[in-house]
Amino acid sequence: MTAALEQHDWSAGLARRTRSLGGGEITAILALAGATDVITFSGGFPDPATFPTGVLELLAKSFTDPGDVVAVEAPTYLGAIMAFRGYEADVRGVPVDGAGMRVDVLADLLAGGLRPKILYTIPDFQNPTGLSLTADRRRDLVGLARRYGFLITEDVAYRELGFGPPVPPSLWSLAPDVVLQAGTFSKIFFPGVRLGWAAGPAEIISRLVVAKQNSDQCSGALGQRMLEEYGRGGHLDRQIITSRALYARRAALTGEALAAHMPEGTTWTTPAGGFYVWVTAPAGIDTVALSAAARDRKVAYVPGRPFYPGDDGATQIRLAYSRVADDLIDEGIRRIAVVLRAAEEEK
Ligand SMILES: Cc1ncc(COP(=O)(O)O)c(C=O)c1O
């Protein structure tokens with residue numbers, strides 16, 4: 001005799017803090033990465049041709065109590081918003097422009113009484129805009145951290161992948177007393193190795209070590225040994241040089257395709273490193289709604305909204321050119337442009 005299993009609704013039992021995390025729509029779009037017939041500008045995946053526990057999460061676990069304010073760039077890396085919200089932080093956005101985070105706006109917010117415990121920033125070739133924080137703003141930012149007593153968490157995931165002028169000094173090099181630098185080998189070695197690093201004030205690092213022990217005990221020794229051998233042999237340095245050339249070429253091809261195909265009134269960033277171009281379509285376009293139409297045309301992008309802690313980004317798109325083959329970039333951008341034009345005509 002077989003009894004039919006009843007469908008149980010597990011979502012009713014979810015902890016309150018996980019209900020507002022979001023990310024489901026992104027998971028669905030990223031799932032297309034494995035599809036062979038879709039040109040996917042969605043995930044920020046390094047190209048496997050360059051190959052041979054997140055510090056973020058540990059920081060949120062160790063340093064944020066429910067309701068603590070964490071300031072981030074708006075837009076910023078979705079994983080950071082989710083990690084901080086996962087520990088019930090109050091995540092606040094600071095706007096960005098072509099020169100990175102608007103440190104002057106942050107200064108006004110602080111003068112008005114905002115008291116973040118942590119400021120999370122990606123100063124080099126940011127995810128999702130591809131833009132970098134200027135040297136002047138870096139100096140102003142560390143000055144604010146010292147004055148108001150917050151910790152800057154500098155995520156340097158893309159710092160080594162510049163293909164333009166030299167990058168300005170890291171925030172950590174400017175102010176090791178108030179900056180925690182977090183890095184990952186996912187973009188320059190390969191993501192499956194799951195290795196990163198952190199450098200910062202000794203007291204904070206020792207807390208992160210304890211948090212890591214409570215999360216996954218320690219990173220796998222095999223991956224660490226592989227990375228060590230690879231680095232000591234000079235291979236990582238050579239891989240980074242090859243990677244820069246590859247991504248420079250793809251960024252240029254993406255820029256050319258955008259100029260050739262995008263409808264009037266669309267703007268985009270021109271990165272000097274990293275994986276991303278950030279596109280702003282004309283007002284009234286809803287890039288979340290259009291992602292289904294894009295999928296029908298066998299192209300994928302990530303819509304802008306999830307990159308903001310608030311409700312902005314409806315007309316924006318993140319394009320990751322990092323893993324789209326050179327000869328597919330123009331066609332992929334053309335398909336996205338067709339979808340945007342159709343939406344424009346329907347307005
Ligand atoms: C800014 C930033 N930090 C961290 C990561 C994630 O790195 P990892 O693979 O080590 O979790 C990403 C991945 O997209 C990222 O864009």
Side-chain angles (χ1 to χ4, degrees), residues 23 26-27 29-31 33 40-48 50-51 53-61 70-86 91 93 96 100-101 118-133 152-162 167 170-172 179-199 208 211-212 215-216 218-220 223-224 226-227 236 243 247 251 269 271 273-278 300-302 304 306-309 318-324:
I26 300 302
T27 311
I29 293 167
L30 295 186
T40 150
F41 292 93
S42 49
F45 303 114
D47 193 300
T50 69
F51 298 172
T53 299
V55 174
L56 299 168
E57 212 269 338
L58 297 179
L59 183 74
K61 180 175 180 172
V70 174
V72 300
E73 285 140 354
T76 189
Y77 171 46
L78 170 65
I81 299 178
M82 289 173 70
F84 289 119
R85 288 221 171 118
V91 181
V96 303
M101 186 199 303
I118 296 169
L119 177 126
Y120 168 83
T121 175
I122 310 157
D124 317 302
F125 322 121
Q126 199 229 19
N127 179 1
T129 62
L131 298 170
S132 299
L133 191 66
I152 298 175
T153 301
E154 171 187 43
D155 185 334
V156 291
Y158 303 96
R159 186 170 171 84
E160 297 295 329
L161 295 175
V167 278
S170 71
L171 293 166
W172 180 67
V179 177
L180 175 75
Q181 184 181 86
T184 173
F185 290 100
S186 287
K187 315 292 176 180
I188 52 173
F189 186 40
F190 68 99
V193 73
R194 309 309 305 144
L195 286 177
W197 75 90
L208 296 185
K212 182 153 177 67
S215 284
D216 65 350
C218 63
S219 298
Q224 293 184 67
M226 280 166 58
L227 178 62
L236 191 59
S243 302
Y247 299 133
T269 57
F275 288 4
Y276 309 108
V277 169
W278 186 238
Y301 60 77
V302 183
F307 296 98
Y308 288 87
R318 189 194 73 176
L319 296 178
Y321 50 76
S322 48
R323 218 178 77 167
V324 185

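Everything numeric in this text was worked out from a predicted model, so none of it was measured. One-based numbering, in listed order, for ligands and for the atoms of each. Numbering starts at 1 and runs along the sequence shown.
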Name the option, out of [options], that contains the heavy atom nearest to [atom].
{"atom": "atom 1 (C) of ligand 1", "options": "Val193, Asp155, Leu56", "result": "Asp155"}
{"atom": "atom 14 (O) of ligand 1", "options": "Glu57, Lys187, Gln126", "result": "Lys187"}
{"atom": "atom 5 (C) of ligand 1", "options": "Tyr276, Tyr158, Tyr77", "result": "Tyr77"}

Can you list the residues that meet the salt bridge (Lys or Arg N to Asp or Glu O under 4.0 Å) rule with Asp124, with sequence neighbours excluded?
Arg138, Arg159

Taking atom CG of Leu319 and atom OH of Tyr276, what is their separation to the nearest 0.5 Å?
11.5 Å

Nearest-0.5 Å distance, OH of residue Tyr120 to CG of residue Asp155:
3.5 Å

Provide the number and element of each atom of ligand 1 under 4.0 Å from a heavy atom of [X].
{"X": "Ala157", "result": "1 (C), 2 (C), 3 (N)"}
{"X": "Asn127", "result": "14 (O), 15 (C), 16 (O)"}
{"X": "Thr184", "result": "7 (O), 8 (P), 10 (O)"}

Minimum heavy-atom separation for Ala320 to Ser42, with atom names?
CB-O, 3.8 Å

If the condition is side chain to side chain contact (heavy atoms under 4.5 Å, CB included), which residues does Ile152 pass it with, not counting sequence neighbours?
Leu119, Thr121, Leu141, Val142, Ala145, Phe150, Leu171, Val179

